[in-house]
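Working notes, structure below.
Below, each value reflects all heavy atoms present in this structure, side chains not excepted, and no hydrogens, waters or symmetry copies.
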Amino acid sequence: MNYFHLEAKVISRGAGRSAVASSAYASCSELYNDYDGVTHDYRKKTGLVHSEVMLPPMAPAEWADREKLWNAVEKVEKTRDSRLSRELVVALPRELDSAVWVEMLEKYLNEECVSKGMCADFSIHDVNKYNPHAHIMLTMRPLNDDGSWQAKTQKEYVCYNDGVEKGFTADEFKTAKDLGWEKQYLYSIPGKKKKIYLTPAQAATIEGSKRTSKYPKSSKYGRQNPICEEWNSDRQLQTWRKSWEDIINSYQERYGIAERVSCESHAARGIKEQPTIHEGYYARNMEKEGLVSDRCEINRQIKSDNSLLRKLQKEVKAYSKAASDNIPAIASKLEKFFKSLVVYTFQLHLKKKQKKAAEKRLGELKELKTIYEDCTAKISSRAEERKEFNGKLKNLKPYQKVKFIKYTSHVTVLTEEIEEIKSERAAALSRYGMPDGTRITDIRKAIKEAEGIVEKLGGQIPEIKKSKEDTLEKYKDEIHALSSDMFVQISEERTKVHSEYEDESRQLLKDSLKASFDKDLFDKTTKEVNAELSEIEPSVMPEMEHKRRSLVADLRADKELAARTPRKVKEKDKDKGMSL
């Protein structure tokens, strides 16, 4: 089963990560970090399939060495909570081989990232031949034409002019000040406790005002670089998701894989409920089978099906008792049996398919629960160990450099392992069709609901089967009651109205199932019922002929008896008359 998964993260110092360490971990290599003096060695880590650095034309050629690339990133970012790199984790189609994976990623990154000025460092992992995926690290700062880094943000001064405030960068202010815009500074005013922002011109009109800060008023976060703003936008993330979907589907089509993936959420596809019984690839197939995902909705569907079945049972009883000797009435009665049998057979097939799908989904949910719990336990264990080593780091003395490097390296390993396990858990949720943010309680609830649905469907199948068998028996009885001559005439009449009753059965099912009605299954059902009835009808014809011949023989015997009886009666009557 292929599935769509693209997870976007940010590698930041604030989360205890480093770009150098993350690249070393993903590429299973040894890299030295100039920022903290720690060497990150992951050469013993297994599962690496391919690793590659891709650069835009303006990037220095030496950055093809990932150690130099990410040390350049670490150097330009100064703060303790700097955002160092963006990381994308994408699932790869298992049916394709590693050479195709590399081709897909190179095409994707060239079109969506490198051509727009980002440096890309990607590594393909396939540890257990079950969950192939790629880690993609992207630079977050744009590059100038000379290969130097652009600023992520510029300081934005909040200036004042004629009762209006407006923000300007330093370059913009050079022009704006000629138009009358002034920077604002904090001033203390006699008689007022609170300091206020004023322009120098305003402050000059207030006696005793005193400027208390040399820093002009500015916006809280500054003016973001337009390119960075675009790269950080939700729109960009959706573009990346859609492009990766197109890449996967185009390659799967090229290599003859019928399956397709979708990057859209359930809400975007018009699925409003929280999926519990079927999602992702299975959702599109199971919707045709009439199985919906929300338990309450399933219960309503089951009630609707039960109501339909009860209605049919009443109809069968009603027209079974209806006695009529005219040909059209009998033909209509037999076609009503046909209509009921079509509905019963359709429902029987439908419930079996639903039960099979629900059982499969139940198995998947149980597998997901095991994976989720295992990942959560590993994360908890490593987080506890990391907390312990962070405590040791805080207690180190400045001269304990060796221990600092050792403990820092171990904390980095634990942090990267935690991120890897989180990605594995997120990929498992995508693989089994559960939304991001799903908790173990949600999975347990889904399992319980799936078990309930399997049980409900399992209980319905014998009931529908019995209703169908009872209807077939009644149909046989009706056919047995016909003479051969009547059967021929009735068959001709049934041919005229057969399509009308077939349409009635189709409409009956459409009204009950609505969007879940499956035309192909209906066509298959009508053929099956027609075949079943065709087998019944010829089988009773010899009996009819035998009964007819027996009846004819009995009639002949009665005639012969009748021919002799009147003479004897007359003789007796004569004797009686004489005696009287």
Could you pull out all residues at least two apart from [X] that satisfy ring-ring contact (aromatic ring centres under 6.0 Å, His included)?
X	result
H135	H125, H133
Y35	none
W181	F168
W63	W149

With sequence neighbours left out, what residues match [X] under side-chain hydrogen bond (donor to acceptor under 3.5 Å, both in side chains)?
X	value
S29	S27
E62	none
Q224	none
E111	K107

Could you tell me whether a side-chain N or O of T412 sits under 3.5 Å from a main-chain N or O of T408, the two making a donor and an acceptor? yes
Partners of D146 by side chain to side chain contact (heavy atoms under 4.5 Å, CB included), sequence neighbours excluded? N144, S148
Can you sort out the partners of P142 under side chain to side chain contact (heavy atoms under 4.5 Å, CB included), two or more places apart, ordered by chain and number? Q150, N225, I227, C228, W231
Sort and list the pairs that fulfil ring pair (Phe, Tyr, Trp, His ring centres under 6.0 Å) and have at least one residue in residues 400-428, not counting sequence neighbours. F389-Y407, F389-H410
Suppose we screen for salt bridge (charged side-chain N to carboxylate O under 4.0 Å, His left out). Which residues come up paired with E359, at least two apart in sequence or across chains? K355
